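Right, one structure below, let's go through it.
As a basis for the values below, the full set of heavy atoms in this structure was taken, side chains included, without hydrogen atoms, waters or symmetry mates. Bear in mind that the values here come from a model prediction, so they are computed numbers and not experimental data.
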Amino acid sequence: MSRRVRRKVARRSKGNVVSGSCSEFQDEVSDLECQGIVDWMSLPDDTVIQLLSRLSYRDRASLSSTCRTWRFLGSSPCLWTSLDIRSNRFDATMASSLAPRCVHLQKLRFRGAESADAIIHLRSRNLRELSGDYCRKITDATLAVIGARHELLESLQLGPDFCEKISSDAIKAVAHCCPRLNKLRLSGIRDINTDAINALAKHCSKLTDIGFIDCLKIDEVALGNVPSLRFLSVAGTSGINWGLVSHLWHELPNLIGLDVSRTDIDPFAVAWFLASSQNLRILCALNCPILEEDTSFSASKYKNKLLISLCTDIFKGLDSLFFDNTNKGKNVFLDWRNSKNNDKEVNEIIPWLEWMLSHTLLRSAESPQQGLENFWAEQGASLLLSLMQSSQEDVQERAATGLATFVVIDDENARIDCGRAEAVMHDGGIRLLLGLAKSWREGLQSEAAKAIANLSVNANVAKAVAEEGGIDILAGLARSTNKLVAEEAAGGLWNLSVGEEHKGAIAEAGGIQALVDLIFKWSSSGDGVLERAAGALANLAADDKCSTEVAAAGGVQALVMLACNCKFEGVQEQAARALANLAAHGDSNTNNAAVGQESGALQALVQLTRSPHEGVRQEAAGALWNLSFDDRNREAIATAGGVQALVTLAQSCSNASLGLQERAAGALWGLSVSEANSIAIGREGGVASLISLARSEAEDVHETAAGALWNLAFNPGNALRIVEEGGVSALVDLCSSSVSKMARFMAALALAYMFDGRMDEFALIGNSSESISKSVNLDGARRMVLKNIEAFVLTFSDPQAFAAAAASSAPAALALVTEGARIQEAGHLRCSGAEIGRFVTMLRNPSSTLKACAAFALLQFTIPGGRHATHHASLMQNAGAARVLRGAAAAATAPLEAKIFARIVLRNLEYHQIEHTV
């Protein structure tokens, strides 16, 4: 439903009709009813209130403003007893605008110091529960004012991040102002002293639940002075004297639940608590290293008391304590919620235990430690899944966040523990998470989507997500007006789009348009959502069909905007990668030209090659490489300073990643197709850097460097530079020993260009604009080069096949030679008329080796089925190559390889001529 609803007619539940100012409104409604279109204004009041209750406070307020009736209904007290303001920025202005609706507000969840400062402007004197996160910057003054303005406060929770600026002074102020306080949970307080705790004991007589979690120091003796305590958590708190407190806290008369997880408690203290605390029913001691080191310790002898630790069977223990051994298995919490249990004490313990477990499990997942692998496999994952079904929203959120976190091994490189991920899947976790993602509560949507995203790094889980309808759900969440929800949904689509089988489904679900819209919506803020959206589009753009849809949805404009304007490295990297993939489809669509023609695109990509971040440089170079296949883009890149930028990049990346080396050389290869650019690359110093890259150990780098040097060697000045810079030995090494056939092939062609005689003429004649200072022994280099070219060609010459072809003109014999000589990837190479002409001329070269090399090259370029074979055949026909080929095939002095290859090329030309006439 649109947030903007144009009011025509509204009907109150008692049948009174409130008409618009014009009588034609009613006529229009009648027309709508005849057409079967719902008139939102005619909904019953109860339905409208239900609808509004499912919206965030911003959307609720916006929708309520559409008409007088909905404004009245939108102010109903039942809609404003609970408020979650974490999703959007909440300041004093926003608080003041909501204040008239919040007179009866009882429960509030907020995020961050700015929101905390604004709470008092809500003027919600009836507030009972206050919960906040991201509280690091909240000060004593803010918390004291909140306490003073909300005397009826019963529950205050701040965490799980540390409250670094809150001290005991603020706790004392709250104790004085909020006498009805019964629950206080604070995380990361530096020091909670005697005065603060005694103030709570004195003024808050109903205080039954204290959580001083991850605190640096607390006065453990003073905690023994709070007789009303029923639940106490000091999880993660350091510096506790367990020998002392075990003799003090066991005397708390009402204590039934104690959480000491993630502390250094020892077996003796645990035993004392269990033996001496008369009313204690549950002691939670998860992830306590000293306790777990004592493998002989057992709590089974303490009747009617449960110890929860890494070494105990938690589900069995809960089952035996609360359900009389009815074997509830891993559904203990869910079965308790579904039961009609009248045990008041159990009904208090379970919600507290859920809260504490969710907190401890999340903290343990965030700080992975050795020794927890078995726990996560046997119980931890199942506990998180069980907690996701809690009736407490914050428990559900933390459980989903825990699932998202505990599977991650390396978040920078998107590595997860596949065993844990698949365990979640097999236990029904995907369906549970997707159910939470469909919740109307945005906090649950966000955390569930995050967990789905992380789990979907595993291909099996991704398949399960897709089969359960997860792609449609994530695509829907990506349209959310809540940035956090949209960000996590985009992350899910990013990971799912890695799988080729999911790309079409994402497009069908409207995911592409949603991702593009996200970029425009959050273009000025939110690097997280922009990086995820651009990353997902980059994956989708790798698919031919999806790339067309990305362009049609406005993706080119959106991605270029990010490349031009965004300063976040992650966003820049993904935007450049997406543009590279959009431009990679060549003849199959027009995206390559479209990206180049988008204003500022090429200039931005050239600029990104200068980024201090290697990933950005790599993807920008890759984009320029792909874009350079278009003639207009190639020249525009050069005009934008691309030659200088890419030469500089190539010069600086000798110690960089192989991906960056490959793309830097590849971009220069693409630009060097133009002879003007080729000359410019040589003048800018590109030859030396390409020679250096040609010496790389990676075959992908071999290919791009050899391709660039092949193009450069077409110009005799560049050919001489290659010789002067020591390039002959580098190309000879490639030609003779590279694992890549393409690298060997292009290195051989580069060497053939360099020693077919044109460079010799250039060296003899000289050029006034060139400064040739190095002495070069061309004769010695030529002998070495020809020897290696000959050896390269012979590797594709099977003696038996050639003997059969020489003895017979049968097509089968020639086909056998072709099959053995063919380099599959060479069919993607596209030569100009000048390049084809040079090989045709080389067939007349006095060197028998160069003749064989030229015939071999022309064979590769004209093999039927090659991407540009028809183009090459046409160029050869126009150049009268057939006559030269016949001469080469019949020459008595030509080597057998040259003769056979020439005959095959003639047959290829005949094939293409017939195809053209047909």
Checklist entry - Step by step, would you call Leu361 with Trp376 a side-chain contact (heavy atoms from CB on, under 4.5 Å)? => result CA-CA 10 Å; Leu361 291 173; Trp376 285 121; 4.2 Å; yes

Next on the checklist: Run the side-chain contact (heavy atoms from CB on, under 4.5 Å) test on Leu98 and Phe90 for me, step by step, so that the C-alpha distance in whole Å, both residues' side-chain angles and the decisive distance to 0.1 Å come before the verdict.
Outcome noted: CA-CA 10 Å; Leu98 290 175; Phe90 186 80; 3.9 Å; yes

Next on the checklist: If you apply the rule side-chain contact (heavy atoms from CB on, under 4.5 Å), what do you find for His502 with Ile471, and how did you get there?
Outcome noted: CA-CA 8 Å; His502 304 313; Ile471 288 176; 4.1 Å; yes

Checklist entry - So Glu614 and Ser657, side chain to side chain donor-acceptor pair (under 3.5 Å) or not? Walk me through it. => result CA-CA 8 Å; Glu614 182 174 310; Ser657 68; 2.7 Å; yes

Item to check | Trace of the side-chain contact (heavy atoms from CB on, under 4.5 Å) decision for Lys567 with Asp527 | outcome: CA-CA 9 Å; Lys567 303 304 179 186; Asp527 55 311; over 6 Å; no

Checklist entry - Taking it one step at a time, do Thr405 and Glu366 satisfy side chain to side chain donor-acceptor pair (under 3.5 Å)? => result CA-CA 6 Å; Thr405 305; Glu366 290 173 337; 5.5 Å; no

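Across Arg363, Gln157, Arg262, a single residue satisfies side chain to side chain contact (heavy atoms under 4.5 Å, CB included) together with Ile213, and that is Arg262. The only member of Val395, Leu387, Leu362, Leu384 that meets side chain to side chain contact (heavy atoms under 4.5 Å, CB included) when paired with Leu357 is Leu387.
For Ala601 against Val595, the heavy-atom pair with the smallest separation is CB-O, 3.2 Å. Between Ile416 and Asn458, the shortest heavy-atom contact is CD1-N, 3.7 Å. Listed here is the closest heavy atom pair of Ala533 and Ala490: N-CB, 4.0 Å. Of all non-hydrogen atoms in Ala448 and Ala400, the two that sit nearest each other are N-CB, 4.1 Å. Between Ser53 and Trp440, the shortest heavy-atom distance links the atoms O-CZ3, 3.2 Å. The minimum heavy-atom distance between Glu488 and Ala449, with the atom names listed, is CB-CB, 3.7 Å.
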Scan the side chains in residues 574-581 for donor-acceptor partners under 3.5 Å anywhere in the protein, sequence neighbours excluded, and list what turns up.
from: Gln574; atom 1: OE1; to: Arg577; atom 2: NE; distance (Å): 2.9
from: Gln574; atom 1: OE1; to: Arg577; atom 2: NH2; distance (Å): 3.0
from: Arg577; atom 1: NH1; to: Asn539; atom 2: OD1; distance (Å): 3.0
from: Arg577; atom 1: NH2; to: Gly535; atom 2: O; distance (Å): 3.2
from: Arg577; atom 1: NH2; to: Asn539; atom 2: OD1; distance (Å): 3.1
from: Asn581; atom 1: ND2; to: Ala538; atom 2: O; distance (Å): 2.7

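Note that NZ of Lys165 and CZ of Arg136 are 11.5 Å apart. Values are rounded to the nearest 0.5 Å. Annotation: the span from Ser131 atom OG to Arg111 atom CZ amounts to 10.0 Å, rounded to 0.5 Å. Between atom CG of residue Leu383 and atom CZ of residue Phe315 there is a gap of 4.0 Å, rounded to the nearest 0.5 Å. Taken from CG in Leu130 to CD1 in Ile119, the straight-line distance is 4.5 Å, to the nearest 0.5 Å. Atoms OG and CD, on Ser391 and Glu354 in that order, are 6.0 Å from each other to the nearest 0.5 Å. Note that CD of Glu129 is 6.0 Å distant from NZ of Lys183, once rounded to the nearest 0.5 Å.
Arg441 places no side-chain N or O within donor-acceptor distance of the main-chain N or O of Glu393, the cut-off being under 3.5 Å. Between the Ser115 side chain and the Gly112 main chain, no donor and acceptor come within less than 3.5 Å of each other. Here the side chain of Asn591 pairs a donor or acceptor atom with the backbone of Ser547 at under 3.5 angstrom. Judged by distance alone, the side chain of Glu662 and the main-chain N or O of Leu658 form no donor-acceptor pair under 3.5 Å. Side-chain atoms of Gln661 come within 3.5 Å of backbone atoms of Cys653 as a donor-acceptor pair (strictly under, hydrogens ignored). Distance alone, capped at 3.5 Å, places no donor-acceptor pair between the Asn495 side chain and the Val457 backbone. Using a distance-only test at 3.5 Å, with no hydrogens or angles considered, a donor-acceptor pair links the side chain of Ser497 to the main chain of Trp494. A donor-acceptor contact shorter than 3.5 Å is absent between the side chain of Asp133 and the backbone of Asp161. Distance alone, capped at 3.5 Å, is enough to place a donor-acceptor pair between the Gln396 side chain and the Met388 backbone.
Within a 6.0 Å sphere centred on NZ of Lys521, heavy atoms belonging to other residues, nucleotides or ligands number more than 12. Within 6.0 Å of CZ in Arg431 there are 12 or fewer heavy atoms belonging to other residues, nucleotides or ligands.
Between Leu515 and Leu540 the shortest side-chain heavy-atom distance falls below 4.5 Å. You'll find the side chain of Phe568 stays beyond 4.5 Å of the side chain of Glu531, heavy atoms only. Two residues are said to be in side-chain contact when any heavy atoms from C-beta on lie closer than 4.5 Å; Leu660 and Leu649 meet this criterion. Taking the side chain as every heavy atom from C-beta outward, Glu569 and Glu573 never approach each other to under 4.5 Å. His359 places a side-chain heavy atom less than 4.5 Å from the side chain of Asp214. Between Leu518 and Arg532, every side-chain heavy-atom pair lies at or beyond the 4.5 Å cut-off. With contacts defined as side-chain heavy-atom distances shorter than 4.5 Å, the pair Ile473/Val465 does not qualify. The shortest side-chain heavy-atom distance between Asn287 and Phe375 does not fall under the 4.5 Å cut-off.
Residues passing the side chain to side chain donor-acceptor pair (under 3.5 Å) test with Ser233 are Asp259, sequence neighbours excluded.
The existence of a salt bridge linking Arg86 and Glu397 is confirmed by a sub-4.0 Å separation between a basic side-chain nitrogen and an acidic carboxylate oxygen. Taking the charged nitrogens against the carboxylate oxygens, Asp394 and Arg109 have no contact shorter than 4.0 Å, which rules out a salt bridge.
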